[in-house]
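Beneath this line is the structure, given in structure tokens, with notes to follow.
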Amino acid sequence: MRKLLLGAALSALMTGSAFAENIGVSMALFDDNFLTVLRNGMIDYGKTLDGVTLQVEDAQNDVAKQQSQVQNFIASGVSAIIVNPVDTDATVALSKIAADAGIPLVYVNREPVNVDQLPEKQAFVASDERESGTLETQEICRLLKEAGKTEANIVVMMGELSNQAARQRTQDVHDVIATPECSFMKIVEEQTANWQRTQASDLMTNWLSAGVQFDAVVSNNDEMAIGAIQALKAAGKDTTKEIIGGVDATQDALAAMKAGDLKVTVFQDAAGQGKGAVDTALKIARGEKVDTKVYIPFKLVTPANVDEYLSKN
């Protein structure tokens, strides 16, 4: 009887391990407010799933390091891999590595350059960037009109140019300005601050020193918008009277909006993207059918509805 019980226990243990699923996650970098919410969303959701573990690594904004992480995940026998790409133009190589190994790969948040040619067992989970910059710029257009502007100069702060989201959000700005409703807006400066608050502060300081005149700041993300606000305050400007917009609806951005400094942001559901990426990775690993592109909607955030988003990101 004792042998029978031991055998049953061993069988149960082996069955449990057979169903254990380990997902390797490579994040572009840990030192980013939005990506931290995304990362934590995946980790927290993973903890609610029986038999699922997440191994999360920081690529430290290094393409080679990220590729090495993917190779190490494969070597360790993970069930699936989730990648938040350092460089969205470098994803073809990552896709090939995973496809050759037969390991499911899900890109999250940042759209891979090969999104329309992903191999089998690969998918992309994010929000449609054609919405983000469009919602932001349309609202800034509305605010400028409300302020009585018939001609308006704007400055655009771009994210990393190697990143598809930065390129698309900037294109969104141009597309909105090209419409009859917002054609009174003119871009007088458009430069990258690489998603970073400090670089954005430096960029705004340079613009002010050069005498650049503008009516609104359109930033590809909240961190750069906050950097612009900090530089304007340091220059003695009343930022409650400035029109400044960003994207992501981070906690710092929402605090800036409550203070009257930030007029526009766009909620990007970081936790929702994280959950969607984990679910998609598990479905592919289990042989279930999934959509190649899974989109989590963006939502416009203004002072009128900011309270709805205070606890979401």
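Computation of the quantities below employed the complete heavy-atom set of this structure, encompassing side-chain atoms and omitting hydrogens, waters and symmetry-equivalent molecules.
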Side chain Thr205, main chain Ser201, donor-acceptor under 3.5 Å: yes
Interatomic distance, Asp279 atom CG to Tyr45 atom OH [nearest 0.5 angstrom]: 3.5 Å
Test item: side-chain donor near acceptor, Gln268 and Asn109, under 3.5 Å: yes
Cluster link Ile187 to Met157, ILVMFWY, side chain under 4.5 Å: no
Basic-acidic side-chain contact under 4.0 Å: Lys65, Asp58: no
Residue pair Ser127 / Gln273, side-chain donor-acceptor N/O under 3.5 Å: yes
Asp172, Thr170, Asn163 screened by side-chain hydrogen bond (donor to acceptor under 3.5 Å, both in side chains) with Asn220, the one that passes: Thr170
Note: Asp307-Lys258 ion pair, threshold 4.0 Å (strictly below): yes
Under 3.5 Å: donor-acceptor pair, side chain of Asp222, backbone of Val247: yes
Fellow cluster residues of Val78, listed by chain then number, with links counted only when side-chain atoms sit under 4.5 Å apart: Val70, Phe73, Ile74, Ile81, Val83, Leu94, Ile97, Ile103, Leu105, Tyr107, Val115, Leu118, Phe124, Tyr295
Gap between atom NZ of Lys145 and atom CE of Met185 - 0.5 Å precision: 10.0 Å
Exam field: side chain Lys237 to backbone Ala234, donor-acceptor pair closer than 3.5 Å: no
Separation of Lys263 NZ from Lys241 NZ (nearest 0.5 Å): 10.5 Å
Side-chain touch Leu262/Ile244, heavy atoms, less than 4.5 angstrom: yes
Thr179 side chain vs Val176 backbone, donor-acceptor pair below 3.5 Å: yes
Check: Glu129 main-chain N/O paired with Gln168 side-chain donor or acceptor under 3.5 Å: no
Joint hydrophobic cluster, Val188 plus Val173, side-chain heavy atoms closer than 4.5 Å: no
Path from Met204 to Ile226 over hydrophobic side-chain contacts below 4.5 Å: no
Atom pair CD (Glu223) and CG (Asp252), whose distance is rounded to the nearest 0.5 Å: 6.0 Å
Residue pairs fulfilling disulfide (SG to SG under 2.5 Å) with at least one residue in residues 158-204, sequence neighbours excluded: Cys141-Cys182
Salt bridge (Lys or Arg N to Asp or Glu O under 4.0 Å) partners of Glu146, counting only residues at least two apart: Arg142
Cluster link Leu300 to Val306, ILVMFWY, side chain under 4.5 Å: no
Residue from Asn40, Ile23, Val25 passing side chain to side chain contact (heavy atoms under 4.5 Å, CB included) with Val56: Val25
